Amino acid sequence: QVQLVESGGGSVQPGGSLRLSCAAPGSIFSITRMAWYRQAPGKQRELVTSITSDGTTYYVDSVKGRFTISRDNAKNTVYLQMNGLKPEDTAVYYCFAVRGGLGYWGQGTQVTVSS
């Protein structure tokens, strides 16, 4: 079982920044992949970015150059730094982790980009 605790969501104006955190109590060394998904109202949940245990990252085209995923093994935490936020980034953001072939979700955190 992997518990994921997210934080850092909120409201920001277009062009602003937010940093999301996803804490995995215990060690994340056994977690092979962590990712951030998002779901906007009326839309399907989509993969935004991911990072594997060897540090390989993936970004969906719409966030390349603006979002950065990173992991701090010492703090058992994965971060999503979001810069240059746009109204279309508004969504509930979910942390996701894979361990032992099983997937685990966080509870989600709301990000709202509006003037």
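Predicted, not measured: the structure shown is a model, and the values here were computed from it. Quick note: residue numbers are just sequence positions, from 1.
If you chain together hydrophobic residues whose side chains sit under 4.5 Å apart, V5 and V2 never meet in one group. The hydrophobic clustering, which links ILVMFWY residues whose side-chain heavy atoms are closer than 4.5 Å, places L20 and V12 together. Linking ILVMFWY residues whenever their side-chain heavy atoms come closer than 4.5 Å, directly or via other members, places I69 and V98 in the same cluster. L18 and Y79 are not part of a single hydrophobic cluster, where members link through side-chain heavy atoms under 4.5 Å apart. Put simply, L4 and V92 are part of the same group of oily side chains (I, L, V, M, F, W, Y) that touch within less than 4.5 Å, one to the next.
Neither side chain, T77 nor D72, offers a donor N or O lying under 3.5 Å from an acceptor on the other.
Between A35 and S50, the shortest heavy-atom distance links the atoms CB-CB, 3.7 Å. The nearest pair of heavy atoms linking G84 to R66 is O-NH1, 2.9 Å. Heavy atoms only, all atoms of each residue included: T90 and Q110 are closest at CG2-NE2, 4.0 Å. Heavy atoms only, all atoms of each residue included: R71 and V78 are closest at CB-CG2, 3.8 Å.
In summary, of the residues considered (V63, T109, V111), a side chain to side chain contact (heavy atoms under 4.5 Å, CB included) with R38 occurs for V63 alone.
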Exercise for the section: Begin with the C-alpha distance, continue with both residues' side-chain angles, and end with the deciding distance and a verdict on side-chain contact (heavy atoms from CB on, under 4.5 Å) for L80 and E6. Expected result: CA-CA 11 Å; L80 178 60; E6 300 154 359; over 6 Å; no
Exercise for the section: Evaluate the criterion side-chain contact (heavy atoms from CB on, under 4.5 Å) for residue pair T56 and I51; output intermediate values, then yes/no. Expected result: CA-CA 5 Å; T56 301; I51 186 167; over 6 Å; no
Exercise for the section: Would you please test V48 and F67 for side-chain contact (heavy atoms from CB on, under 4.5 Å) and show each step? Expected result: CA-CA 9 Å; V48 177; F67 291 11; 3.8 Å; yes
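Ion pairing between D89 and K86 fails under the 4.0 Å rule for side-chain N and carboxylate O.
Among residues at least two apart or in separate chains, ring pair (Phe, Tyr, Trp, His ring centres under 6.0 Å) pairs with a member in residues 86-115 are Y37-F96, Y37-W105, F96-W105. Among residue pairs with one or both ends in residues 37-89, none qualify as disulfide (SG to SG under 2.5 Å); sequence neighbours excluded.
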